[in-house]
Amino acid sequence: MSIEIAGVSRRFGDFVALEDINLSVPTGQLTALLGPSGGGKSTLLRIIAGLENADSGTVEIEGTDATRLPARKRNVGFVFQHYAAFKHMTVARNVAFGLEIRKQSKKQVEERVREMLRLVHLEQFADRYPAQLSGGQRQRMALARALAIEPSVLLLDEPFGALDAKVRKELRDWLRRLHDDVHVTTVFVTHDQEEALEVADQIVVINQGRIEQIGTPDELYDQPASDFVLSFLGPVTTLGGRLVRPHDIEVTTAPVPDAVPGTVTRWTRIGYEVRLEVTPVAGGEPILVQLTRTEALHRGLGEGIGVWLRESSPVNGSAAPAAVLA
Ligand SMILES: Nc1ncnc2c1ncn2[C@@H]1O[C@H](COP(=O)(O)OP(=O)(O)OP(=O)(O)O)[C@@H](O)[C@H]1O
């Protein structure tokens, strides 16, 4: 394990930001700290980096007790949401900064900078100034600078948080590919479940200063440990008193055993997807259902149509068995 966190707690006055956190971060993997705002993700990352102290507990990095080591002695690379570049220095000099203060030869520094800029696809921008880069390019420069010192761990705090959705998505794919190339143990903070599910090897769900669940994206999605994890990983709705995912609901237009009868009261199409609101015959909150447009048309669904809903069995996934299709 690259990072071992044991019994870490942190208070700010009376407020408990982290309580008894125990976590192992595997070497060479990409681990996401995922959770709602204020849950304690950044505080935990800052404690790993040495930018914040824990009130109790220990942090081990690469087998060394780092609990009392200052940040500069931990050999970690750090990238924040709003990266503070040196505005008066070129991109190349920004990347070189951490190497120069480590007293490497000029030639070594130049070679390493070139290698890093190649890695983040910014070779042609070496002589520009940060203000002449786009937001996404600036974050890539920040990553190059963090990686230049060959850190044992790379810590990223919402590194793409300030960028627009399209650039975020591009950088997310790019980060995954970069990680597959360099395999540096990486911990990144995000409140975006899609980002975590898409990029991470391991996800740690943090809420109100505690770990709710640790697992692979598949484990979390398929076996959420709590209603909180289930609802944090995507939309949910209540069917027959249980929380379920709207796309795990089977819709039929003829009665089936154990199904909840209702009427389609709203139909919204978003691209290939159709979202239905079904008001139960027995009353209560509308139930949300997601299905593909093809499925919805095939079943003749539309506003005002009577339907029966039940949770699709995990074996069948969201596909209803042919026998119950109307
Ligand atoms: N220096 C501080 N002094 C007082 N309270 C703090 C301090 N730093 C963090 N907190 C509080 O601790 C809690 C956890 O903050 P933290 O930044 O770790 O959350 P987060 O999960 O990273 O949230 P976000 O996604 O909004 O950044 C918050 O309620 C925050 O207000």
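What's counted below: heavy atoms across the whole structure, side chains too, no hydrogens, waters or symmetry copies. Indexing begins at 1, ligand by ligand and atom by atom, following the structure's order.
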Exercise for the section: Quick one: look up the protein heavy atom nearest atom 13 (C) of ligand 1 and list residue, atom name and how far away it is. Expected result: F15 CE2, 3.4 Å

Exercise for the section: Decide yes or no on side-chain contact (heavy atoms from CB on, under 4.5 Å) for N22 and I5, but give the supporting numbers first. Expected result: CA-CA 5 Å; N22 295 286; I5 293 162; over 6 Å; no

Handout entry: Heteroatom proximity flag, G40 to ligand 1, N/O under 3.5 Å
Key = yes

Handout entry: Residue, atom name and distance, where the atom is the protein heavy atom closest to atom 23 (O) of ligand 1
Key = G38 N, 2.7 Å

Practice task
Mind checking the CD1-CE spacing from I149 to M116? Nearest 0.5 Å is all I need.
Solution key: 11.0 Å

Practice task
Give the ring-plane orientation class for Y221 versus H247, where under 30° counts as parallel, over 60° as perpendicular and anything between as tilted.
Solution key: parallel

Problem - Interfacing atoms of ligand 1 (cut-off 4.0 Å, heavy-atom, G39) - result: 19 (O), 20 (P), 21 (O)

Practice task
With salt bridge (Lys or Arg N to Asp or Glu O under 4.0 Å) as the test, would you mind laying out the steps for E170 and K166 before giving the verdict?
Solution key: CA-CA 6 Å; E170 280 167 16; K166 184 161 174 287; 3.3 Å; yes

Completion exercise
One finds that the ligand 1 atoms under 4.0 Å from a non-hydrogen atom of A17 are 12 (O)

Practice task
Considering only NZ, NE, NH1 and NH2 on the basic side and carboxylate oxygens on the acidic side, decide whether E198 and R176 come within less than 4.0 Å.
Solution key: no

Practice task
Would you please determine whether G35 falls within less than 4.0 Å of ligand 1 on a heavy-atom basis?
Solution key: no

For a quick test of your reading: what N or O donor-acceptor pairs under 3.5 Å do the side chains of residues 24-34 make, sequence neighbours left out?
residue, atom, partner, partner atom, Å
S24, OG, E4, OE1, 2.8
S24, OG, E4, OE2, 3.3
T27, OG1, S2, N, 3.3
T27, OG1, S2, OG, 3.4
T31, OG1, Q202, NE2, 3.4

Fill in the blank from the handout: If you scan protein heavy atoms around atom 9 (C) of ligand 1, the nearest is F12 CE1, 3.4 Å

Exercise for the section: Using a strict cut-off of 4.0 Å, indicate which atoms of ligand 1 neighbour a heavy atom of T43. Expected result: 14 (C), 15 (O), 16 (P), 18 (O)

Handout entry: For atom 26 (O) of ligand 1, the protein heavy atom that lies nearest, with its residue and separation
Key = S37 OG, 2.6 Å

Fill in the blank from the handout: Restricting to heavy atoms, the pick from P36, S42, G209 nearest atom 27 (O) of ligand 1 would be S42

Problem - Nearest protein heavy atom under 4.0 Å from atom 31 (O) of ligand 1, yes or no - result: no

Practice task
Under 4.0 Å, heavy atoms only, figure out whether ligand 1 is touched by the backbone of K41, its side chain, both or neither.
Solution key: both

Under 3.5 Å, sequence neighbours excluded: what are the donor-acceptor pairs made by side chains of residues 44-57?
residue, atom, partner, partner atom, Å
R46, NE, E52, OE1, 3.4
E52, OE2, R10, NH2, 3.0
D55, OD1, R10, NH1, 3.4
D55, OD2, R11, N, 2.7

Practice task
Measure up the F86 and H88 rings against each other and bin them: parallel (under 30°), tilted (30 to 60°), perpendicular (over 60°).
Solution key: perpendicular

